[in-house]
Amino acid sequence: MKNRICVIFTGGTIGSRVCGDTVDLRNDDKSILIEMYRSRYGYGVEFDELHPLNILSENVQPADLETMANCVRGVNKEDYDGIIVTHGTDTLCFTANLFSQLFCDIKIPVVFVSALYPLDDDRSKGLENFAGAITFIRSVDYGGVFVSFQNYGENCKIHLASRLVAATQISGEYESIMRVVLGEIKDGKFVYNENPLNPTLNQLRAPRKPCEAQKLCMDMVTIQAHSLLNFDFYRFTEVKPKAVMVQLYHSGTVCTEGKEANFKNFLKYCKSLGIEVVISTIDSGARTYGSALGLTEMCTAAYDISFEMATAKVLLALGSGKNIEQELAKNNFFEKLR
């Protein structure tokens, strides 16, 4: 144990302050978060700080993600017990899933922390999330990418970054897919969750192969299934994407009757333009509804991973010149539930 952690600050709400009715970024040289941690928990850990970015996460661009990734790559892993990355909550889910692939083979833990409110707001859990990340890093002997996040009325949870799903509407709380977290912080200690869906400690400790897909591409359209969705409005006459991702209903279904709302008609249209269509999420162990019969033969299916993970995998496949179906089938960092 080195008792030394590298903290990479990128902005977000956890790096912001309240100014009247507005929340905006701090531009201080000193880290309020580390000062708050030392004030409450003491000086038992040494921190090194890096500040590659200072942005609100909703404004993140591919170049910003590359800057973050290069910052992690540039850290001498031998010098630290782990790395903490502060990040805004709006796009935390995507970045966490993305980094779980980029750094699936990393030997020390990389933990994302964020906050729904700035640190000077009494409702903020930013310090608790930061402290939870430190407790986790100092408790484990394996690497990978994780998220430390405390919902209201709960203990701070540690998520596999590859299983984090989008925040709930309005409240902004985070869960893992199937609500199975890796563990939680109880009484100042990390407690591993012995759920059969979780990787075992031996699996977490085992070496993993690096992810070959490392570059992003934005040439993709995402569509979320909802009642009375008119697919005829999706016509790519001026700009044609390389792929379209459709988030199905929870039961793996989408409308396949009628005319404008018929997904199969949309699939035929995309095929005529040479656009690959990916559907997600699909549970390989579930029964298929009659409305979904034949869908997986007409397009590419993402099995047993979250829509957020499928999105990251497809964008990486497109950017790295990899086969989408093959990348979706890989299990780089325990993203697969089956």
| request: Take Thr168 and Glu175, measure what side-chain contact (heavy atoms from CB on, under 4.5 Å) needs, and give me the verdict at the end. | output: CA-CA 8 Å; Thr168 56; Glu175 294 286 354; 5.6 Å; no
| said: Set out, in order, the CA-CA distance, both residues' side-chain angles and the distance that settles side chain to side chain donor-acceptor pair (under 3.5 Å) for Thr95 and His87, then state yes or no. | reply: CA-CA 9 Å; Thr95 305; His87 197 284; 3.0 Å; yes
| message | Would Leu328 and Val314 count as a side-chain contact (heavy atoms from CB on, under 4.5 Å) here? Give the steps. | response | CA-CA 7 Å; Leu328 288 169; Val314 172; 4.1 Å; yes
| message | Run the side chain to side chain donor-acceptor pair (under 3.5 Å) test on Arg73 and Gln214 for me, step by step, so that the C-alpha distance in whole Å, both residues' side-chain angles and the decisive distance to 0.1 Å come before the verdict. | response | CA-CA 12 Å; Arg73 293 182 182 113; Gln214 292 281 318; 3.0 Å; yes
| field | Evaluation steps, ring-ring contact (aromatic ring centres under 6.0 Å, His included), between Phe136 and Tyr192 | value | CA-CA 10 Å; Phe136 173 72; Tyr192 166 73; over 10 Å; no
| query | Step by step, would you call Tyr41 with Phe130 a ring-ring contact (aromatic ring centres under 6.0 Å, His included)? | reply | CA-CA 11 Å; Tyr41 299 100; Phe130 185 67; 9.1 Å; no
| request: List the steps and the verdict of side-chain contact (heavy atoms from CB on, under 4.5 Å) for Leu65 and Phe94. | output: CA-CA 10 Å; Leu65 293 168; Phe94 175 76; 3.8 Å; yes
| task | Determine, stepwise, if the pair Tyr117 / Ile14 fulfils side-chain contact (heavy atoms from CB on, under 4.5 Å). | result | CA-CA 7 Å; Tyr117 300 95; Ile14 198 170; over 6 Å; no
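Salt bridge present: Lys322 and Glu212 bring a charged side-chain N and a carboxylate O closer than 4.0 Å. Between Arg40 and Glu128 there is a salt bridge, with a side-chain nitrogen of the basic residue lying less than 4.0 Å from a carboxylate oxygen of the acidic one. Of the charged side-chain nitrogens involved, none lies within less than 4.0 Å of a carboxylate oxygen, so that Lys107 and Glu78 do not count as a salt-bridged pair. At a threshold of 4.0 Å, the pair Asp48-Arg4 counts as salt-bridged, since one of the basic side-chain nitrogens sits closer than that to a carboxylate oxygen.
Gln150 places a side-chain N or O within 3.5 Å of a backbone atom of Glu154 that can act as its donor or acceptor partner. Remark: the backbone N or O of Ala63 is paired with a side-chain donor or acceptor of Thr67 at under 3.5 angstrom.
Transitive grouping of hydrophobic side chains (ILVMFWY, heavy atoms separated by less than 4.5 Å) keeps Phe307 and Tyr289 in distinct clusters. Note: the hydrophobic cluster containing Tyr249 does not contain Ile279 (ILVMFWY, side chain heavy atoms under 4.5 Å, direct or indirect links). The cluster map of Ile, Leu, Val, Met, Phe, Trp and Tyr, joined by side-chain heavy atoms under 4.5 Å apart, puts Ile324 and Val246 in different clusters. Under a hydrophobic-cluster definition in which Ile, Leu, Val, Met, Phe, Trp and Tyr are linked whenever side-chain heavy atoms come within less than 4.5 Å, directly or via other members, Leu164 and Leu315 are assigned to the same cluster. The hydrophobic clustering, which links ILVMFWY residues whose side-chain heavy atoms are closer than 4.5 Å, places Met68 and Val147 together.
No donor-acceptor contact under 3.5 angstrom links the side chains of Asp283 and Tyr303, judged on distance only. One side chain, Thr91 or Ser57, offers a donor N or O that lies under 3.5 Å from an acceptor on the other. Side-chain N/O atoms of Asp304 and Ser284 include a donor and acceptor closer than 3.5 Å.
Leu160 approaches Leu204 most closely through the heavy-atom pair CD2-CD2, 4.4 Å. Of all heavy-atom pairs between Leu337 and Leu197, the closest is O-CD2, 3.9 Å. Leu33 and Gly126 get closest at one heavy-atom pair: CD1-O, 4.1 Å. Summarising the geometry of Ile106 relative to Ile108, their closest heavy-atom pair is CG2-O, 3.3 Å, with the distance given to 0.1 Å. Looking at every heavy atom in both residues, Ala115 comes nearest to Ser124 through CB-OG, 3.7 Å. Contact detail for Ile305 and Lys336: the closest heavy-atom pair is CG2-CD, 3.8 Å.
Partners of Asn3 by side chain to side chain donor-acceptor pair (under 3.5 Å), not counting sequence neighbours, listed by chain and number: Arg138. Among residues two or more places apart in sequence or in another chain, the ring pair (Phe, Tyr, Trp, His ring centres under 6.0 Å) test is passed with Phe334 by none. With sequence neighbours left out, the ring pair (Phe, Tyr, Trp, His ring centres under 6.0 Å) criterion links Phe99 to Phe103, Phe112. For Tyr174, the ring pair (Phe, Tyr, Trp, His ring centres under 6.0 Å) partners are Phe149, not counting sequence neighbours. In this view, Lys189 satisfies the salt bridge (charged side-chain N to carboxylate O under 4.0 Å, His left out) rule with no residue, not counting sequence neighbours.
Rounded to the nearest 0.5 Å, atoms OG1 (Thr135) and CD (Glu184) are 12.5 Å apart. A distance of 13.5 Å separates NZ of Lys313 from CG of Leu318, quoted to the nearest 0.5 Å. In this structure, the separation between SG on Cys6 and CG on Leu50 is 4.0 Å, given to the nearest 0.5 Å. Taken to the nearest 0.5 Å, the CD atom of Glu327 stands 7.5 Å off from the OG atom of Ser320. Rounding to the nearest 0.5 angstrom, the gap separating the CG atom in Asn198 from the CE atom in Met178 is 11.5 Å. Rounding to the nearest 0.5 Å places SG of Cys299 at 13.5 Å from CD1 of Ile275.
Side-chain contact between Thr10 and Asn54: absent, with no pair of heavy atoms (C-beta onward) separated by less than 4.5 Å. Counting only heavy atoms from C-beta outward, the side chains of Glu46 and Lys2 never approach each other to under 4.5 Å.
Side-chain rings of Phe263 and Tyr269 stay apart, their centers remaining 6.0 Å or farther from each other. You'll find the ring centres of Tyr37 and Tyr43 outside the 6.0 Å limit.
The number of heavy atoms from other shown groups lying within 6.0 Å of CZ (Arg338) is above 12. Counting non-hydrogen atoms of other residues, nucleotides and ligands closer than 6.0 Å to CD of Glu257 gives a total of 12 or fewer. The environment of CD in Glu66 is crowded: more than 12 heavy-atom neighbours from other residues, nucleotides or ligands sit within 6.0 Å. Remark: Glu194 CD is loosely packed, at most 12 non-hydrogen atoms of other residues, nucleotides or ligands lying under 6.0 Å away.
For the pair Arg205 and Tyr142, the cation-pi criterion (under 6.0 Å, within 45° of the ring axis) is not fulfilled.
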Which donor-acceptor pairs under 3.5 Å do side chains of residues 220-239 form with protein atoms, sequence neighbours excluded?
unit_1, atom_1, unit_2, atom_2, d
Asn230, OD1, Asp232, N, 2.9
Asp232, OD1, Arg235, NH2, 3.0

